[in-house]
Amino acid sequence: MENIRAVDLDVGYGRETILRNLNFTLPPGRITVIVGESGSGKSTLLKTLIGLTRPLRGDVYWGEERIDYDSERILGALYRRIGVLYQNNALLNSLTLYENVALPIRIHRPETPWTAEADRVREVLGMVGLVGADHKYPFELSGGMRKRGALARSMVLGPEIVFCDEPSAGLDPLTALGLDDLLRSLQRSRGVTFVAVTHELRSIGRIADRILLLRGDGIHFDGTLAEMEASEDEYLRSFFLRTDRHAD
Amino acid sequence: MRLKEEFRRFFSLLADELHYTAQYLGSRRGVLPGSVVQQFYVMGYKSFPIVALITFLVGVTISLTSAAQLRLFGADIYLADLIGLAMIKELVPLMTGIMLAGKVGASITAEISTMKVMDEIDALRTMGIVPEKFLMAPRLIAITLVVPLLVAMADTVGVAGGVLVAQVALGTPPAVFLRKVFDIVTLSDFLVGIVKTLVFGWAVVVGAGFKGFFIERGAEGVGKATTESVVLAISLIIGLDCVFAFILY
């Protein structure tokens, strides 16, 4: 499993730069959480890392391979190695949960026998606790079930890394706790790397091995949860205390 | 500047869609199995009743209007010629195109723009699926298969409107009316109608995809894009019909 490196990366939309000169490495087999205030560029950074938004400057490397945002072939190969959990879950409403989870198999491995497909779909639905809901459409599922369904779809091809955009957004605290536990257990049992964008302090405390805090146009803090808690940095303390008060 | 950018995006998407449709026809990959049949059902079966109703009513209306004028000159007998040619070469393609714009085009734009707002298009992309292929290739293939059937049905129903009016208003027996229609309308007239409607159908699907994929974010944008899609499709249909008129006449 390879790490992901950002080198002298500028990200933004159009000609507007939101984050400048980012240099960081996402370690494999860990959960990295990207945090920051609203509008700090968390989601834009995530979209750049997964190839949806072109960087304004600099490069992203997967291991030794530089991501070429113009190459359909390289991006296609990248997308076979990652899964993405969207804030809106992004399950296709016209398909059942089973069909949603089976979609990557049907597109990328059309030669897969339907029995093997069914086994794999049931396996990942079992991993996320959704056995028995496979015939339902997304609009028939609760918010938490849709999130878990989307996580199952992102896991079905066995990705090396799963990117999550606000995984707990819109979920009640108990469901959010369940989802955090699920991410942690998948990371431990399957060795999957997770990169999550969130501003939910409870989630950060539960799942983060490593934290990237964005501030202004750059990275304000890059370290472990223990390092963050031990830090005397005023902004860091005020950010997490503020979020903590808000969360309580 | 904005118009130029819109043109660039439209033709770029058109080229992509043609490329991906050809690629799918060659490789049969990148599209959900069964989606062409599903689109065929949605575009064809579900459009049949409204297209039939509208073309029948247009046939009746044009026949009544024309019969009144022809009667003034004692030229009632030419009603069959007029209705046969007008319906098959002009009115059926135009009305079918406009019905497709309102029914099929609006539905495609609403679906794709909602998918875009709900991040489903990004999700497809990050699953390694090309949305322009996954969503548009089945629709372009389906419209190509549906149009000849729709046109054949609409031609029949439109001329039936003329038969009804000729019988009721002019006392012309249906057999006489139909014999005149078959005398004046040639196979090439029928094929011209199909080709025109095919081009209109493609314009509807491509225009609808364009408005869906390039929606401005938000639920409000879905409604706006859907309205704009119908306006764009009808404008394209009228413009293309004008081009056909220059070529054919």
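Every value quoted in this text rests on a predicted model; they were computed, and no experiment measured them. Chain letters run A, B, ... following the sequence lines, proteins first and then strands; every chain starts at 1.
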Count the heavy atoms belonging to other residues, nucleotides or ligands that lie under 6.0 Å from [atom1] of [X], then report whether that count exceeds 12.
X	atom1	value
A:Arg57	CZ	yes
A:Arg30	CZ	no
B:Tyr45	OH	no
B:Phe7	CZ	no

- Message: If we define contacts as heavy-atom pairs under 4.5 Å, which of A:Pro110, A:Ser154, A:Ala77, A:Pro104 has the most with chain B?
- Response: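 Among the listed options, the one with the most contacts to chain B is A:Pro110.
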- Most heavy-atom pairs under 4.5 angstrom with chain B, which of A:Ile82, A:Leu75, A:Ile107?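 The residue among A:Ile82, A:Leu75, A:Ile107 with the greatest pair count is A:Ile107.
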Is [X] close to chain B through its backbone or its side chain, or both, or neither, when contacts mean heavy atoms under 4.5 Å?
X	value
A:Leu52	side chain
A:Arg80	neither
A:Glu72	side chain

- Query: Okay, side chain of A:His108, backbone of B:Met127: is any donor-acceptor separation there less than 3.5 Å?
  - Reply: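 Looks like yes, one N/O pair under 3.5 Å.
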- Item | Any donor-acceptor N/O pair, B:Arg125 side chain to A:Tyr79 backbone, under 3.5 Å |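 Flag not set: sc B:Arg125 to bb A:Tyr79 has no pair under 3.5 Å.
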- Check against side chain to side chain contact (heavy atoms under 4.5 Å, CB included), A:Lys47 and B:Asp122: CA-CA 9 Å; A:Lys47 283 188 169 185; B:Asp122 281 349; 3.7 Å; yes
Is the shortest heavy-atom distance from the side chain of [X] to the side chain of [Y] under 4.5 Å?
X	Y	value
A:Asn93	B:Glu120	yes
B:Thr126	A:Leu78	no
B:Leu124	A:Leu103	yes
B:Leu32	A:Leu95	yes

- Task: Could you tell me the separation between the CZ atom of B:Arg29 and the CZ atom of A:Arg106, rounded to the nearest 0.5 Å?
- Result: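 If I round to the nearest 0.5 Å, the distance is 14.5 Å.
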